[in-house]
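A short write-up of the structure that comes next.
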Number of protein chains: 2
Amino acid sequence: MADITIKDVAARAGVSAATASRVLSGNPATSPQARENVAAAVIELDYRPNAQARALRSTHSDSIGLLVPDVRNPFFADLAHTVEQEALSEGYVTLLGNANEQKDQQDRYLDTLISRRVDGIIVAPLGDGGGSIRSLIEREIPTVFVDRTVYGIDVPSVTTDSTGGIRQTVEHLASLGHTRIGYISGPQATSTGRDRFAAFTATVAAAGLSQDPDLVYFGDFQAASGSAGLHALLGLNDPPTALLAADSLMAVGAIAILHKLGLRIGTDLALVAFDDIEWFALLNPALSVISHSVEDMGRIAVEMLLEVIAGNSPQSVVLPSELVVRASSSSPILPAASRRKN
Amino acid sequence: MADITIKDVAARAGVSAATASRVLSGNPATSPQARENVAAAVIELDYRPNAQARALRSTHSDSIGLLVPDVRNPFFADLAHTVEQEALSEGYVTLLGNANEQKDQQDRYLDTLISRRVDGIIVAPLGDGGGSIRSLIEREIPTVFVDRTVYGIDVPSVTTDSTGGIRQTVEHLASLGHTRIGYISGPQATSTGRDRFAAFTATVAAAGLSQDPDLVYFGDFQAASGSAGLHALLGLNDPPTALLAADSLMAVGAIAILHKLGLRIGTDLALVAFDDIEWFALLNPALSVISHSVEDMGRIAVEMLLEVIAGNSPQSVVLPSELVVRASSSSPILPAASRRKN
DNA sequence: TGTGGTCGTGGAATCGATTCCATGGAATCG
DNA sequence: CGATTCCATGGAATCGATTCCACGACCACA
């Protein structure tokens, strides 16, 4: 692993290291002759600049960090893809970290990203503003929140307005005759969990539907809690006739149990999920979803972070969400007598 | 962003930078007094070592690179998750790159990873051994291939033995009465594409089934080519009665078209997909798959890379694959007359 | 008491690239 | 033709952490 340095290139090209550096960074104060010789030497030696040394001297590393709660969640996989492609087109490499929905792993990754002196960080945060999130702010490291925010921390963010999609969903279900809508909520420690829950309770009240607190189950955005939530809701004396899940993984968990119980989605129980995942349309029946654009979210987050890095203070952006009706929620409610009991 | 350096810590603790460095790296040649003072100063100043400077001096960066062809493919998302968690537990950070199934993006990312002097690289390669893959070898950068290999490049790898799962599948379909099995293949520019295709042709011949070359469609591992492949195969004069797709995304593309055409999976057409994805079991009917362990693959790849970094030459590992029969391939074949025509 | 050894410490060199500063040669102007 | 500007260039300082080397203090043993 005999590394080739800029001195080797300079020697080969018959110039000094300073001149070689100037050629490589496109400094105009170089002669055509020098440019040519250096370019040739670079190719002959297959030279790759040492990014560490460069970053050490020049205070920027041309890299950004992206910290997501769970890469296996298709929503965040898509987000990672979009951010990474968008950043690459702007000349930045993305370091992807996975907090695994755990605060200590989030802190550990943030520490690492700080140590590596990334130029900025995009994070879908969890927990309160403690731990390493605070260090980010105190060090004035350019930061953008995506999908989620943290109460009391003033950082530009790109989030989804849950209210529109959830109101459409509640009204849609009400128009089919449903009065008892079950809700599998995300954790109240996340802003998305809180916002969606608030939107649900508000619109249910506005539509005059049942506000029975037993109709709400609090999950953790992962599949197993969707299964548990479904069990809990179906076990009620007066179970819901429609169900809204606050994210795709909890919907998947619920669907698995529905299959196991032999209940028919769309007729025995209407189902809508927050987050649109490509293959939700392939389920039989196809799943109704509240859709929001992950591409827009990723693209805007990168643009916004570049603004912050440039020293500006961009406005936070809230993207709309929208109900997409498919077969899982298109049948009118059945009379209670014909519904199977659990 | 006034960065705090080791000199600030040293000054605060009343020692030299050399001593502070020794304390931080756990060098035993330090007095308890010094250790205590430095530890206190680190906390008071919220000091984070500059990873760039450290890596520059000490030739290792405690980071590895992972380059996958497509993060949105659930198989690679799972792989990324496993590798990242496993590496983290060994004290390494993972830089994730996404080649987007394009050779130029793969080269670009490899260049970046080389520049950043990662300690090693895990890559699911595409294309031949040209471009930056060659640079990796010439520079003797610790490298491990995962899922795929490159012909003629001698690098330790963790791959899946397609043959077992594919033989089981062909024999299973034959036992249901199928004689014409369609195959949507991966690209022959990838080792997995070639291996699975070879296994399919060999086992079909061994089972005495139709070897009609029209039964094979060559896709590119992405969803759209699965749709195209299905159209092509159903358009034959004598279409197949069973279908095997060489990866999950092409299976998804095929399923979408089957739904659109109103064909019933499992009865009108038996379907099996390579790669097990959690929600494949949720489809109706549930999808039969050839399953292989992405956790084992990721874990072994990291272990193997650490071996290579340590200077050893680990043996390549080939993991088994296995057929999991579900409803999409459990009905005996229908007589031709009762099958619908496309 | 003198010699040898251990131990904690600080000074200085080092890693590779960038950039300030000074220099020498060519070009331009009065 | 002499003076001034311009430009390409090399030398040297710099970024922050690590590590080699040397030094002084201390203990132990003969």
Bounds of contact between DNA chain C and chain B, in 5' to 3' order, using a heavy-atom cut-off under 4.0 Å: C:dG8 to C:dG16
Pairwise salt bridge (Lys or Arg N to Asp or Glu O under 4.0 Å) hits with a residue in residues 80-95 of chain B, at least two apart: none
Residue list, salt bridge (Lys or Arg N to Asp or Glu O under 4.0 Å) with B:D70, at least two apart or on another chain: B:R72
Sidechain-backbone polar pair: B:N312 side chain, B:P314 backbone, donor-acceptor under 3.5 Å: no
Partner residues of B:E307 under the salt bridge (Lys or Arg N to Asp or Glu O under 4.0 Å) criterion, sequence neighbours left out: none
Pairwise 5' ranking along DNA chain C for B:Q33 and A:I6, keeping only the more 5' one: B:Q33
Nucleotide-level pairing of DNA chain C, given in dot-bracket where Watson-Crick and G-U pairs need both distances under 3.5 Å and | marks other strands: ||||||||||||||||||||||||||||||
DNA chain C-proximal residues of residues 18-32 of chain A, any heavy atom under 4.0 Å: A:A18, A:S21, A:R22
B:R108: partners by salt bridge (Lys or Arg N to Asp or Glu O under 4.0 Å), with sequence neighbours left out: none
Taking every non-hydrogen atom, the tightest pair across B:V9 and B:A41: O-CB, 3.7 Å
Main-chain N/O of B:N27 paired with B:T30 side-chain donor or acceptor, under 3.5 Å: yes
B:E44: partners by salt bridge (Lys or Arg N to Asp or Glu O under 4.0 Å), with sequence neighbours left out: B:R12
Strand contacts (DNA chain C) in residues 10-17 of chain B, 4.0 angstrom heavy-atom criterion: B:V15, B:S16
Salt-bridge contact A:R139-B:D46 (side-chain N to carboxylate O under 4.0 Å): yes
Side chain A:S25, main chain A:S21, donor-acceptor under 3.5 Å: yes
Flag for A:E101-A:Q106: side-chain donor and acceptor within less than 3.5 Å: no
Within residues 42-64 of chain B, residues whose heavy atoms come under 4.0 Å of DNA chain C: B:L56, B:R57
Side-chain donor-acceptor contact under 3.5 Å, B:S63 with B:S61: yes
Pairs where residues 110-126 of chain B contributes a residue and the test salt bridge (Lys or Arg N to Asp or Glu O under 4.0 Å) is met, not counting sequence neighbours: A:D3-B:R117, A:R48-B:D111
Partner set under ring-ring contact (aromatic ring centres under 6.0 Å, His included) for B:F76, not counting sequence neighbours: none
Pair B:E295 + B:R299: basic N to acidic O under 4.0 Å: no
